[in-house]
> 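Just passing along the structure, written as C-alpha cells.
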Amino acid sequence: MLAKQTPLTKQMLSKLLQTSSSKPKQLKKIHALVLTSGLSVKNSLLTHLLENLTLVGDMCYARKVFDEMHKPRVFLWNTLFKGYVKNNLPFESVQLYKKMRDLDTLGIVATELVMMYMKFGELKSAQFLFESMQGKDLVAWNAFIAVCVQTGNSALALECYNKMCADDAVLFDSFTVVSMLSACGQLGSLEIGKEVYDRARREGIDCNIIVENARLDMFLKCGSTEEAMVLFEEMEQRNVVSWSTMIVGYAMNGDSDEALALFNMMQNQGIRPNYVTFLGVLSACSHAGLVDEGKKYFGIMARSSDKSLEPRKEHYACMVDLLGRSGLLEEAYEFIKNMPLEPDAGIWGALLGACAVHGEIKLGQKVADVLVETAPDIGAYQVLLSNIYAAAGKWHCVDKVRSKMRKLGTKKVAAYSSVEFDGQLHYFNRGDKSHPQTKAIYEKLEEVLKKIRSMGYVPQTGSVFHDVETEEKESSLSHHSEKLAIAFGLINGRVEDPIRVMKNLRTCDDCHVFAKFVSRVTSRDIIMRDKNRFHHFRNGVCSCREFW
DNA sequence: CTAGGGTTAG
C-alpha cells in the first residue's frame, strides 16, 4: 500500500540497485520497477543493474538491459564485456564487438578486452578476438604484445611483432621496443633483441631510459653481463630501475660480489633503493651462501622508517631460500612460523626446494603436506617431494606421490632447453628426435661423452628419479634436453662464441657435471640459464662454485 | 565524471 503511494525516487532506486546484488529474481523485479516508475531511465541508474547481473552471471538478461540503454558509454560496453569474460562466453563478446564496430569506441574496449582475456588465462579467446579486430591501431598491437610478455607468452609476442612489421598500416614505437626486449630476455634471444633495438635506432625511435633499462635487462637475462656493464656505464641517465636491474641481473648470473658492490655504489650516488632492489640484494646473498649478510640486509629493511621498504612476502621467500640453501633448514622453518605475514605457496615452496637440495625427507614431507593444501594445482611441488623420496631410494613413496598426482590430475611441466642460432630459437625436449639435425646432434653427443668419460666423467645417476637399472639410468640421463642443446651448440656456433642454453626448469647434477667437462675438452664457454640462475662454465669450472 | 600499451620483482 504504502509503496504505491510513495513516489519512487531516483535515489531510492539507486540505493535499491546498489544493495541488491546477488539474487537474479530480485534484480529482474527491480528492473521492472525501473521501467514502470515513469522516471526517465538514465543509464547511470541501469549501470548497477547491469553490473549486478554480470556478477550473478545472467548474461542474457544483462544484454537485454544493455540493449535498452541509450547510447551506452565505453565503460558500459566494458561492463558487459567483462561479464562475458568472467562467464567465459568469448563468442558472445565477439558478437557484441561486431555490433560495436561502427562506433568510434571500438578500439579502446576491444583492446582492454583482449588484455583481460589474456590475464584470465583465456589465450585462445584473446587471440580469436585480437585477430578479428579490423584496422588495429598501434596501441592495440602494443597492448597485445605487452600482455603476451606479461603472461609469459613471449614466443607469441615475437610472432605478433613479426606480423605487425609486415603490416604497412602501423609503425612501431618505443612501447613496442620495450615489450620486445622484455620478450627476448624471457626467451634468451640475444640476437633478436639486438636486432629489434638496432631497427628502432635506424627508424629514429626515441630510446628513452625505459627502453635502455629494458635492453639492460635483456642482456642480463641472456647471460651477457659484459654487454650489460658496457651499456650501464654508457647510459646517460640511470634510475632506481636501472640499478635494480643490474643488481638482480648480477645476482642471477652468480656474481654476488658485483651485485653487492653495485648496491653500495648506488647508495653512494644518492639513489634510494626500493623493494625490488632489496630482492636483488637478498638473492645475491642467497646464491653465494652469505647468510649473515642476508640477515643484515633483511634487518635494514625491517628497521627502516620507510614504510615502502617493509619486507614483503617475496623477501621472506628469499630469506627462506637463503637459510635453506645453506642447510639451515630448521631455522628456515622457524623463520616461516614466526613471520608476521601469512606464508604463501612461494615461501613454502622455497623451503621444499631447500629440502630437496639437502635430501631432507622428514621436513620435506611436512612442507609438501602444507603445499598440497595451498597449491594443489602446482605439480612442481609434488615432483620435488617425489624427487626427495627417489634420492633416498624410497620408491614406494615415489609411487604414492605419483599416483596421487594422477588422481588429482596435477600436471608436471615438461623440461625443455633452447639455444639461439642464426636468429632462430631451437628447442629440445628430453630424448628429442624432431630437430632436422638430430643425427648429427646425437653423434656429437656420443663423441663428446666418449671423450669426457676417458677424462673421468661419471654419470651422476643419483639424479635419475625412476627405479631402474644403472645402465638404463645412464642412457636416460645422456639425452636430457640441455645435453642435446649443448651438442647442437657445439655443431653450429662459432668457436669463439659461448653456447647459451636456456632451460625452463632447474638443471640436474649430471648435466652440471657434463657441462663442466665439455667446457674443458672443447674450450668453449657454456652459459646455462635454468629456472633459478645462471651457470657460466669455462675450462671445466662453473661460476656457481658448486653452490646452487 | 574517468576509462586501451612499456622497464626491475613474482
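Within every chain, numbering begins at 1; the chains are lettered A, B, ... in the order of the sequence lines, protein sequences first and strands thereafter.
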> How long is the straight-line distance from CG of A:Leu190 back to CD of A:Glu195, given to the nearest 0.5 Å?
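One finds 11.0 Å between CD of A:Glu195 and CG of A:Leu190.
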> Between B:dG4, B:dA9, B:dG6, which nucleotide gets closest to the side-chain atoms of A:Tyr275?
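Selected nucleotide (nearest to the side chain): B:dA9.
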> Students often get this wrong, so: under 4.0 angstrom with heavy atoms, is A:Met115 touching a base, only sugar-phosphate, or nothing?
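Sugar-phosphate only.
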> Can you tell whether the side chains of A:Glu212 and A:Arg215 come within less than 4.0 Å, N to carboxylate O?
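Yes, this pair counts.
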> Would you indicate, yes or no, if B:dG10 has its OP1 or OP2 atom less than 4.0 angstrom from a side-chain nitrogen or oxygen of A:Gln150?
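Checking B:dG10 against A:Gln150, no side-chain N or O comes under 4.0 Å of OP1 or OP2.
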> Are any of A:Lys531's side-chain N or O atoms less than 4.0 Å away from OP1 or OP2 of B:dG10?
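No, no such contact exists.
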> What residues form a salt bridge (Lys or Arg N to Asp or Glu O under 4.0 Å) with A:Asp206, not counting sequence neighbours?
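Expected list: none.
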> Taking only residues two or more places apart in sequence, or in another chain, which ones meet A:Phe130 in a ring pair (Phe, Tyr, Trp, His ring centres under 6.0 Å)?
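Once residues adjacent in sequence are excluded, the partners of A:Phe130 under the ring pair (Phe, Tyr, Trp, His ring centres under 6.0 Å) criterion are A:Trp141, A:Phe144.
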> Find the distance A:Lys221:NZ to B:dT7:P and express it as a whole number of Å.
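The answer, rounded to whole Å, is 10 Å.
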> Have a look at A:Thr176 and say if it touches a base, only the backbone sugar-phosphate, or nothing, with a 4.0 Å heavy-atom cut-off.
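The residue A:Thr176 makes no contact with any strand.
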> Grab the CD1-C1' distance between A:Ile205 and B:dT7 for me, whole Å please.
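It works out to 16 Å between those atoms.
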> Whole angstrom is fine here: how far is it from CZ in A:Phe175 over to C1' in B:dG4?
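Going from A:Phe175 (CZ) to B:dG4 (C1'), I get 11 Å.
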> By nearest atom, which of the nucleotides B:dT8, B:dG4, B:dG6 is closest to the A:Ile210 side chain?
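Looking only at side-chain atoms, A:Ile210 lies closest to B:dG6.
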> Distance criterion of 3.5 Å, no angle test: do you see the side chain of A:Asp137 paired donor-to-acceptor with the base of B:dG4?
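Between B:dG4 and A:Asp137, which were checked side chain against base, a qualifying N/O pair under 3.5 Å is present.
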> Considering only B:dG10, B:dG4, B:dG6, which nucleotide approaches the side chain of A:Glu314 most closely?
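Nearest to the side chain of A:Glu314 among the choices is B:dG10.
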> Classify the nucleic acid contact of A:Thr245 as base, sugar-phosphate or nothing, counting any heavy atom under 4.0 Å across all strands shown.
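It contacts sugar-phosphate atoms only.
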> Which residues pass the ring pair (Phe, Tyr, Trp, His ring centres under 6.0 Å) test with A:Phe278, sequence neighbours left out?
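In terms of ring pair (Phe, Tyr, Trp, His ring centres under 6.0 Å), with neighbours along the sequence ignored, A:Phe278 is linked to A:Phe263.
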> Can you check the A:Asp173 CG to B:dG4 P distance for me, whole Å?
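In whole Å, B:dG4 P and A:Asp173 CG are 16 Å from each other.
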> How close or far is atom P of B:dA9 from atom NE2 of A:His287, stated in whole angstroms?
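Distance check: A:His287 NE2 to B:dA9 P gives 12 Å.
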> I want to verify a distance call: between B:dA9, B:dG4, B:dG6, whose nearest atom is closest to the A:Val211 side chain?
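Nearest to the side-chain atoms of A:Val211, counting from C-beta on, is B:dG6.
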> Pull out every residue in residues 178-203 of chain A that has a heavy atom closer than 4.0 Å to any atom of DNA chain B, ordered by number, or say none.
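DNA chain B contact set from residues 178-203 of chain A: A:Val178, A:Ser179, A:Ser182.
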> Applying a 4.0 Å non-hydrogen cut-off, can you work out what A:Lys136 is touching in the nucleic acid: base, sugar-phosphate, or nothing?
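Since no nucleic acid heavy atom lies under 4.0 Å of A:Lys136, the category is nothing.
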> For residues 174-194 of chain A, which residue pairs pass the side-chain hydrogen bond (donor to acceptor under 3.5 Å, both in side chains) check, not counting sequence neighbours?
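Applying side-chain hydrogen bond (donor to acceptor under 3.5 Å, both in side chains) to every pair that reaches into residues 174-194 of chain A, excluding sequence neighbours, yields A:Asn142-A:Thr176, A:Ser154-A:Gln186, A:Asp173-A:Thr176, A:Ser189-A:Glu420, A:Lys194-A:Glu227.
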> Scan A:Asp344 against the nucleic acid and name what it touches under 4.0 Å (heavy atoms): base, sugar-phosphate only, or nothing.
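Counting heavy atoms under 4.0 Å across all strands, no contact is made by A:Asp344.
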> Would you mind classifying the nucleic acid contact of A:Val248 as base, sugar-phosphate or nothing, using non-hydrogen atoms under 4.0 angstrom?
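Answer is sugar-phosphate: A:Val248 comes under 4.0 Å of backbone atoms only.
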> CG of A:Leu279 versus P of B:dT7: gap in Å, rounded?
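Value for this atom pair: 17 Å.
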> Any ion pair linking A:Lys366 and A:Glu373 (charged N to carboxylate O, less than 4.0 Å)?
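No, A:Glu373 and A:Lys366 are not salt-bridged.
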> Return the value, rounded to whole Å, for the distance between atom CE of A:Met164 and atom C1' of B:dG6.
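So the CE-C1' distance, A:Met164 to B:dG6, works out to 12 Å.
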> Tell me the interatomic distance from A:Phe219, atom CZ, to B:dT8, atom P, rounded to whole angstroms.
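Value for this atom pair: 15 Å.
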> Give every residue pair that meets the ring pair (Phe, Tyr, Trp, His ring centres under 6.0 Å) criterion with at least one member in residues 201-245 of chain A, sequence neighbours excluded.
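Residue pairs with at least one partner in residues 201-245 of chain A: A:Phe232-A:Trp243.
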